[in-house]
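We're numbering straight along the sequence, starting at 1. As the structure is a prediction and not an experimental result, all values here were calculated from the model. As a basis for the values below, the full set of heavy atoms in this structure was taken, side chains included, without hydrogen atoms, waters or symmetry mates.
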Amino acid sequence: MSTPLIWFVFMNLSILLKPGYCTETSDQVLSITPQTQEQVDTLRNVSTHYETVLWQPVSNEYISTQVQVHLYVPGNSSVTVKAILQKHGITHKVLLANPNVLTEMQMKNDSTDPRSGSTFYERYHTLEEIYDWINRTAQDNPRTVKAILIGSSYEKRPLYVLKLSFNDRPNRKAMWIDCGIHAREWISPAFCLWFVHHSLSFYQQNSEITRILDSMDVYVLPVMNPDGYKYTWTAIKRRWWRKNRSISKSGFCVGVDLNRNFDVDWGIKGSSQNPCEEINCGPFPESEPEAQAVANFLRRHKDTVQLYITIHSYSQMFIFPYSYTFDQAENHNDLLEMVQEAAQRIKRYYRNTYTYGPGAATLYPCSGGSDDWAYKLGIKYSFTFELQDRGEYGFLLPPSHISGACNEALLAVKTIAVKVLEKTQAPANHHTI
């Protein structure tokens with residue numbers, strides 16, 4: 001080997017061994033805030049190429065000036081993407097330097113047996129483990145828990161709802177909680193498991209959960225999108241999948257956003273009929289078996305279900321109707337009062353901040369959402385919860401944060417459910433301060 005060649009290899013080896021060099025070309029999540037319309041246009045273009053994935057906002061149509069964007073950039077595109085950003089004067093900071101490590105941490109599971117104690121609920125679980133948990137929970141609590149099959153997914157996986165019922169008083173009302181409508185939001189199914197475990201463990205011990213379970217049945221759907229959820233567990237590169245797994249007629253792209261598939265102002269705002277888009281609303285309302293199963297169940301129980309809650313992540317928000325219009329809901333003040341109290345209690349007990357308000361004004365306008373649909377059905381207390389965090393980890397919230405996120409959401413559920421009981425069971429002349 002000639003001296004110049006040895007020198008060339010040595011020099012490049014020294015560069016490769018520099019701290020941080022390898023992370024420079026690993027997958028990253030960037031935080032970018034465009035300052036001008038030109039930068040917005042550039043970022044919109046970048047977000048649809050180079051195998052990037054928008055974490056926040058969900059679609060490039062929502063990218064605008066002064067709005068923070070969280071963008072996943074694969075390692076093989078990192079140099080190109082950063083060069084484009086630099087060329088257009090767009091600054092960025094690295095939110096996550098190596099998301100693959102966090103993904104592996106989320107997938108690691110030392111506890112698959114619910115009987116092993118609370119650590120089971122401080123882990124993320126595969127779909128198979130969740131199905132097993134559903135069966136065990138129903139078997140172990142035959143007097144209070146019933147598993148109800150409400151339908152099946154596109155790939156024919158069962159959609160199980162757990163009904164928690166602690167007495168058989170006539171004319172009992174109910175609340176509904178669904179989790180996992182978006183596949184990549186793993187903290188969402190984790191919360192449904194957490195809520196059921198808390199209800200069974202602390203009935204007759206915690207005053208709020210006891211009052212709620214004495215007064216109403218609770219329907220819990222732990223994973224509304226089982227096909228998508230399973231897909232996110234099959235490979236690290238599939239971890240960011242959002243939609244279900246239905247195949248479009250064109251055959252080019254897969255998946256419908258189930259939270260754009262409900263029959264409320266369907267296909268108008270914040271949605272797309274392009275099957276390749278993250279916010280694809282499907283070919284028609286309730287085209288997807290998952291959305292149809294939920295809608296059919298709630299239609300059958302609309303006279304008893306008084307409270308609807310759907311669990312999402314991330315951004316720490318409590319949202320209520322409407323999202324499809326900027327018009328106020330008829331009981332806007334009641335809904336605002338409930339989420340305000342929930343946010344205040346979380347701030348007081350956990351020192352964490354949640355924003356709140358109607359969906360269109362607080363997050364972004366979108367049609368076909370399940371919360372607006374439930375409200376239009378007649379469930380006048382309808383909410384979307386966006387759990388932790390605000391972007392530090394995003395969809396990759398570590399297992400060590402599950403308990404904090406779930407306890408905050410649990411406090412919000414209990415706060416709102418008690419307020420609903422006060423509103424619906426009080427005399428006509430009752431008012432709250």
Begin with the C-alpha distance, continue with both residues' side-chain angles, and end with the deciding distance and a verdict on side chain to side chain contact (heavy atoms under 4.5 Å, CB included) for K414 and N206.
CA-CA 11 Å; K414 293 194 292 187; N206 176 274; 3.4 Å; yes
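- Summarising the geometry, atom CG belonging to N333 is positioned 10.5 Å from atom CD belonging to Q340; distances are rounded to the nearest 0.5 Å.
- Considering only heavy atoms from C-beta on, T362 stays 4.5 Å or farther from F320 through its side chain.
- The two residues A97 and Q28 make their nearest non-hydrogen contact at O-CG, 3.7 Å.
- With hydrogens and angles disregarded, no donor-acceptor distance shorter than 3.5 Å links the side chain of T415 to the backbone of A342.
- Between D132 and H125 there is no side-chain heavy-atom pair separated by less than 4.5 Å.
- Side chains of D265 and D372 form no contact here, defined as non-hydrogen atoms less than 4.5 Å apart.
- Contacts classified as disulfide (SG to SG under 2.5 Å) and involving residues 254-325 (residues at least two apart or in different chains) are given here: C253-C276.
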Check against side chain to side chain contact (heavy atoms under 4.5 Å, CB included), N167 and D214:
CA-CA 7 Å; N167 63 56; D214 277 343; 4.1 Å; yes
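- A 4.5 Å side-chain heavy-atom check between S215 and Q425 finds at least one atom pair inside the cut-off.
- The closest donor-acceptor contact from the side chain of K173 to the backbone of D303 lies under 3.5 Å.
- Between the side chain of S188 and the backbone N or O of I311 there is at least one donor-acceptor pair closer than 3.5 Å.
- Take C406 and apply the disulfide bond (SG atoms under 2.5 Å apart) test, not counting sequence neighbours, and it matches no residue.
- I209 has its side chain within reach of H198: a pair of non-hydrogen atoms, C-beta onward, lies under 4.5 Å apart.
- One N or O on the side chain of D389 and one on the backbone of G394 form a donor-acceptor pair closer than 3.5 Å.
- Considering NE2 of H182 and NE2 of H312, their distance stands at 6.0 Å, rounded to 0.5 Å.
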Can R239 and T103 be said to form a side chain to side chain donor-acceptor pair (under 3.5 Å), step by step?
CA-CA 8 Å; R239 177 64 185 84; T103 301; 5.0 Å; no
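- Side chain of R245 to main chain of P226: no donor-acceptor pair is present (N/O by atom type, distance under 3.5 Å, no hydrogens or angles).
- For the side-chain hydrogen bond (donor to acceptor under 3.5 Å, both in side chains) condition, no pair includes a residue of residues 54-63, sequence neighbours left out.
- Take S272 and apply the side-chain contact (heavy atoms from CB on, under 4.5 Å) test, not counting sequence neighbours, and it matches N274, E277, I279.
- Judged by distance alone, the side chain of W233 and the main-chain N or O of I236 form no donor-acceptor pair under 3.5 Å.
- The shortest non-hydrogen separation linking T42 to I84 is CG2-CG2, 3.8 Å.
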For N225 and Y231, what are the C-alpha separation, side-chain angles and deciding distance, and is it a side chain to side chain contact (heavy atoms under 4.5 Å, CB included)?
CA-CA 10 Å; N225 179 9; Y231 187 75; over 6 Å; no
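- Taking the centre of each ring, F120 and H197 stay at or above the 6.0 Å mark.
- Shown here are the side-chain contact (heavy atoms from CB on, under 4.5 Å) partners of E330, two or more places apart in sequence or in another chain: Y375, K380.
- By the 6.0 Å contact criterion, CZ on R348 is enclosed, its count of non-hydrogen atoms from other residues, nucleotides or ligands being greater than 12.
- Shortest non-hydrogen contact noted between E155 and D227 is N-OD2, 2.8 Å.
- The ring pair (Phe, Tyr, Trp, His ring centres under 6.0 Å) contacts involving residues 247-285 comprise F262-W373, where partners must be two or more places apart or lie in separate chains.
- The line from NZ of K108 to CD of E104 is 11.0 Å long, rounded to the nearest 0.5 Å.
- The neighbour count for R351 CZ, taken as heavy atoms of other residues, nucleotides or ligands under 6.0 Å away, does not exceed 12.
- By the 4.5 Å heavy-atom criterion applied to side chains, D27 and N98 are not counted as neighbours.
- A distance of 8.0 Å separates OH in Y322 from CG in D327, rounded to the nearest 0.5 Å.
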Could you go step by step and tell me if H92 and L71 meet the side chain to side chain contact (heavy atoms under 4.5 Å, CB included) rule?
CA-CA 10 Å; H92 71 272; L71 184 69; over 6 Å; no
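- Y219 and W176 have tilted rings, their planes meeting at an angle from 30° to 60° on a 0 to 90° scale.
- The closest donor-acceptor contact from the side chain of T52 to the backbone of S47 lies under 3.5 Å.
- In this structure, CD1 on I150 lies 5.0 Å from CG on L221, to the nearest 0.5 angstrom.
- The disulfide (SG to SG under 2.5 Å) contacts involving residues 128-233 comprise C179-C192, where partners must be two or more places apart or lie in separate chains.
- The backbone N or O of I63 sits less than 3.5 Å from a side-chain atom of R44, completing a donor-acceptor pair.
- When atom types are taken as modelled, the side chain of E185 and the backbone of S313 share a donor-acceptor pair closer than 3.5 angstrom.
- Take R169 and apply the salt bridge (Lys or Arg N to Asp or Glu O under 4.0 Å) test, not counting sequence neighbours, and it matches no residue.
- Taking the six-membered ring for Trp and thresholds of 30 and 60 degrees, F195 and F191 have ring planes inclined between 30 and 60 degrees apart.
- Relative ring orientation between Y160 and Y131 is described as perpendicular, the plane-to-plane angle rising above 60° on a 0-90° scale split at 30° and 60°.
- With sequence neighbours excluded, the residues forming a side chain to side chain donor-acceptor pair (under 3.5 Å) with K347 are T353, listed by chain and number.
- Partners of A343 by side-chain contact (heavy atoms from CB on, under 4.5 Å), not counting sequence neighbours, listed by chain and number: F318, Y354, Y356.
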Would N261 and E288 count as a side chain to side chain donor-acceptor pair (under 3.5 Å) here? Give the steps.
CA-CA 7 Å; N261 193 234; E288 307 310 294; 4.7 Å; no
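- Contacts of R300 classified as salt bridge (Lys or Arg N to Asp or Glu O under 4.0 Å), with partners at least two apart in sequence or in another chain: none.
- Counting heavy atoms from C-beta on, the side chains of T232 and F395 never come closer than 4.5 Å.
- Counting heavy-atom neighbours within 6.0 Å of D168 CG, excluding the residue itself, gives a total of 12 or less.
- Separation of atoms CG (L54) and CD (E278) is listed at 8.0 Å; rounding is to 0.5 Å.
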Please evaluate residues Y308 and D178 with respect to the criterion side chain to side chain donor-acceptor pair (under 3.5 Å), reporting the C-alpha separation (whole Å), side-chain torsions for both, the decisive distance (0.1 Å), and the verdict.
CA-CA 8 Å; Y308 173 90; D178 64 60; 2.6 Å; yes
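- In this structure, the side chains of K243 and V256 stay at 4.5 Å or more apart for every pair of heavy atoms.
- Remark: E128 pairs with T126, K230 by the side-chain contact (heavy atoms from CB on, under 4.5 Å) rule, at least two apart or across chains.
- One N or O on the side chain of S382 and one on the backbone of D371 form a donor-acceptor pair closer than 3.5 Å.
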